[in-house]
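The figures here come from the full heavy-atom set of this structure, side chains too, leaving out hydrogens, waters and symmetry mates. Chain letters run A, B, ... following the sequence lines, proteins first, then strands; residues in each count from 1.
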Amino acid sequence: DTGVSQDPRHKITKRGQNVTFRCDPISEHNRLYWYRQTLGQGPEFLTYFQNEAQLEKSRLLSDRFSAERPKGSFSTLEIQRTEQGDSAMYLCASSFRRTQYFGPGTRLTVL
Amino acid sequence: AQTVTQSQPEMSVQEAETVTLSCTYDTSESDYYLFWYKQPPSRQMILVIRQEAYKQQNATENRFSVNFQKAAKSFSLKISDSQLGDAAMYFCAYRTAVEIKAAGNKLTFGGGTRVLVKP
């Protein structure tokens, strides 16, 4: 399978815990995006990488959120001190030019 | 900032019939891309169709076609000969065509339309 993959697919955590998600983009894609999707809504942009450089962050990305893309390959998204409002689907997408291809997402539930 | 609006929360269609989903957007740009993505229940989002704003011809992909009205800032999706597998959330999305490396050309999505297909 050469599509975008994400791990884990589901994560249940208690409020206040830290969680980390991983995204593996399509291998030749230099651009990588994170989005957040709450139930019944469209995805909202969180952050963007071109190769290993994080070039844009949304105001939605509070200081409890951090993302990395070491060596310009896979990316991780970490949420520290999770809150119930962080419960959502976290989507990763990658692209080479115009079209973004999405992974299956990680569904986070904060109890 | 660009905004995308999908005014139909849910649409129902009989199998083999046609359904049209509406999307309007607001932008001051002249060059951009518009997309329709499909998100089946518990499955990943996949691209249905893409339209470049500079092209007057409406995009078509098999049973899926768009009606792009640039002046009206309207971008509707028509699904012909609906099949049970078409049941999903459909999202309209906007992206600038100007390559701004620092901005990454993120997608701006509408709120989605749920399509139900009746056998």
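- Proximity to chain B (any heavy atom under 4.5 Å) is restricted, for A:Gln37, to the side chain, taken from C-beta onward.
- Interface residue B:Leu107: backbone and side-chain heavy atoms are both found under 4.5 Å from chain A.
- Using a cutoff of 4.0 Å between basic side-chain nitrogens and carboxylate oxygens, A:Asp7 and A:Arg9 are not scored as salt-bridged.
- Of the atoms belonging to B:Arg43, not a single heavy atom falls under 4.5 Å from chain A.
- Using modelled atom types, one finds a donor on one side chain and an acceptor on the other under 3.5 Å when comparing B:Glu29 with B:Tyr94.
- When only modelled atom types and interatomic distance are considered, B:Asn105 and A:Arg31 share a side-chain donor-acceptor pair under 3.5 Å.
- With a 4.5 angstrom heavy-atom cutoff, A:Ser58 does not touch chain B via any of its atoms.
- For B:Tyr25 and B:Tyr32, the side-chain atoms include at least one donor-acceptor pair closer than 3.5 Å.
- Surrounding CG of A:Leu111 are more than 12 heavy atoms belonging to other residues, nucleotides or ligands, all under 6.0 Å away.
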Pair B:Gln8-B:Ser22, side-chain hydrogen bond (donor to acceptor under 3.5 Å, both in side chains): steps then yes or no: CA-CA 7 Å; B:Gln8 306 152 315; B:Ser22 65; 3.2 Å; yes
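- Contact tally against chain B (heavy-atom pairs below 4.5 Å) for A:Tyr35, A:Phe49, A:Tyr101: the top residue is A:Tyr35.
- Ionic pairing of A:Arg64 and A:Asp86 is present here: one or more N-O contacts between side-chain nitrogen and carboxylate oxygen are shorter than 4.0 angstrom.
- Of the two parts of B:Gln39, only the side chain, counted from C-beta on, holds a non-hydrogen atom closer than 4.5 Å to a non-hydrogen atom of chain A.
- From B:Gln44, atom CD reaches atom OH of B:Tyr37 across 11.5 Å, with rounding to the nearest 0.5 Å.
- Within residues 75-84 of chain A, no residue approaches chain B closer than 4.5 Å by heavy atoms.
- Look at A:Glu56 and B:Lys106 and you find a salt bridge, because one of the NZ, NE, NH1 or NH2 atoms lies within 4.0 Å of a carboxylate O, short of that distance.
- Proximity to chain B is absent for every atom of A:Arg107, based on heavy atoms less than 4.5 angstrom apart.
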